[in-house]
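In what follows, chains carry the letters A, B, and so on, assigned in the order in which the sequence lines appear, proteins first and then strands, with residues in each chain numbered from 1.
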Amino acid sequence: DAKTTQPPSMDCAEGRAANLPCNHSTISGNEYVYWYRQIHSQGPQYIIHGLKNNETNEMASLIITEDRKSSTLILPHATLRDTAVYYCIVRGWLHDMRFGAGTRLTVKP
Amino acid sequence: GAVVSQHPSWVICKSGTSVKIECRSLDFQATTMFWYRQFPKQSLMLMATSNEGSKATYEQGVEKDKFLINHASLTLSTLTVTSAHPEDSSFYICSARPRTEAFFGQGTRLTVV
């Protein structure tokens, strides 16, 4: 599975959009981009995933570049409860889910 | 989303004893479940893949005799930490996937004293 690169930490003001980037320049054609988040002392929570089209659900939007080498997770109106470590994972169909270091997002009042 | 439940949420045990952690998929069947370990301030590390009705597959460096995995039904996998030592203290998390996305249990905090 392709490796991902994320900034170690980011801050966001409450009520503003949080845009979390992820680079996956070695992604192959059959690999999906998944986003999870982990709030302190809890198991990871699934957020969204996509292959090549942009995706949106009730939690977030996923924007994947046309060349698929990077993506951005967007939390449209961040709240204090969105403070967590966000993981971007690239993997093939039915492959293991392996975690990198992620981005620690801190939402500030 | 699908629900994966772990039990217990936390456990304290004495050094040298064994501890069993259960992972259940509540609203779907899972032929495969995954076990992770997470040390403080670190990311999740995949320990093993649990396969219903067959032997688990362990990641390199994970002792299969120490971390016993049993996947006896399509909704239950168990991880037993045998002869636990303080260095086994960690956050253990299981996951399963009804489709391509995986769902995770709430985790089990193991403290060995």
task: List in chain and number order the residues that pass side-chain hydrogen bond (donor to acceptor under 3.5 Å, both in side chains) with T72(A), two or more places apart in sequence or in another chain; answer none if no residue qualifies.
output: none
task: Please report the C-alpha distance between V3(B) and F103(B) in whole Å, then the side-chain angles of each, then the deciding distance to 0.1 Å, and finally whether the side chain to side chain contact (heavy atoms under 4.5 Å, CB included) criterion is met.
output: CA-CA 7 Å; V3(B) 179; F103(B) 291 89; over 6 Å; no
- prompt: Partners of K108(A) by salt bridge (charged side-chain N to carboxylate O under 4.0 Å, His left out), sequence neighbours excluded?
  reply: D11(A)
message: Heavy-atom pairs under 4.5 Å with chain A: which of A102(B), G105(B), G107(B) has the most?
response: A102(B)
- line: Taken to the nearest 0.5 Å, the spacing of I27(A) CD1 from I64(A) CD1 works out to 7.0 Å
message: As a test of understanding, state which of N19(A), N54(A), T56(A) forms a side-chain hydrogen bond (donor to acceptor under 3.5 Å, both in side chains) with S61(A).
response: T56(A)
- line: Answer key: most heavy-atom pairs under 4.5 Å with chain B among A101(A), G100(A), G102(A) is G100(A)
query: Would the number of heavy atoms belonging to other residues, nucleotides or ligands and lying under 6.0 Å from CE of M45(B) be above 12?
result: no
query: Who are the side-chain hydrogen bond (donor to acceptor under 3.5 Å, both in side chains) partners of N53(A), not counting sequence neighbours?
result: none
message: Less than 4.5 Å to any heavy atom of chain A: does that hold for the side chain of L44(B), its backbone, both, or neither?
response: both
Which donor-acceptor pairs fall under 3.5 Å between chain A and chain B:
unit_1  : atom_1 : unit_2  : atom_2 : d
Y34(A)  : OH     : T100(B) : O      : 3.3
Y34(A)  : OH     : T100(B) : OG1    : 3.2
Y36(A)  : OH     : A102(B) : N      : 2.8
Y36(A)  : OH     : A102(B) : O      : 2.7
Q38(A)  : OE1    : Q38(B)  : NE2    : 3.0
Q38(A)  : NE2    : Q38(B)  : OE1    : 2.8
G43(A)  : N      : Q106(B) : O      : 3.4
R91(A)  : NH2    : T100(B) : O      : 2.1
L94(A)  : O      : R97(B)  : NH2    : 2.5
H95(A)  : O      : R97(B)  : NH1    : 2.6
M97(A)  : O      : Y36(B)  : OH     : 2.5
R98(A)  : NH1    : E59(B)  : OE1    : 2.9
R98(A)  : NH2    : E59(B)  : OE1    : 3.0
R98(A)  : NH2    : E59(B)  : OE2    : 3.1
G100(A) : O      : S43(B)  : OG     : 2.5

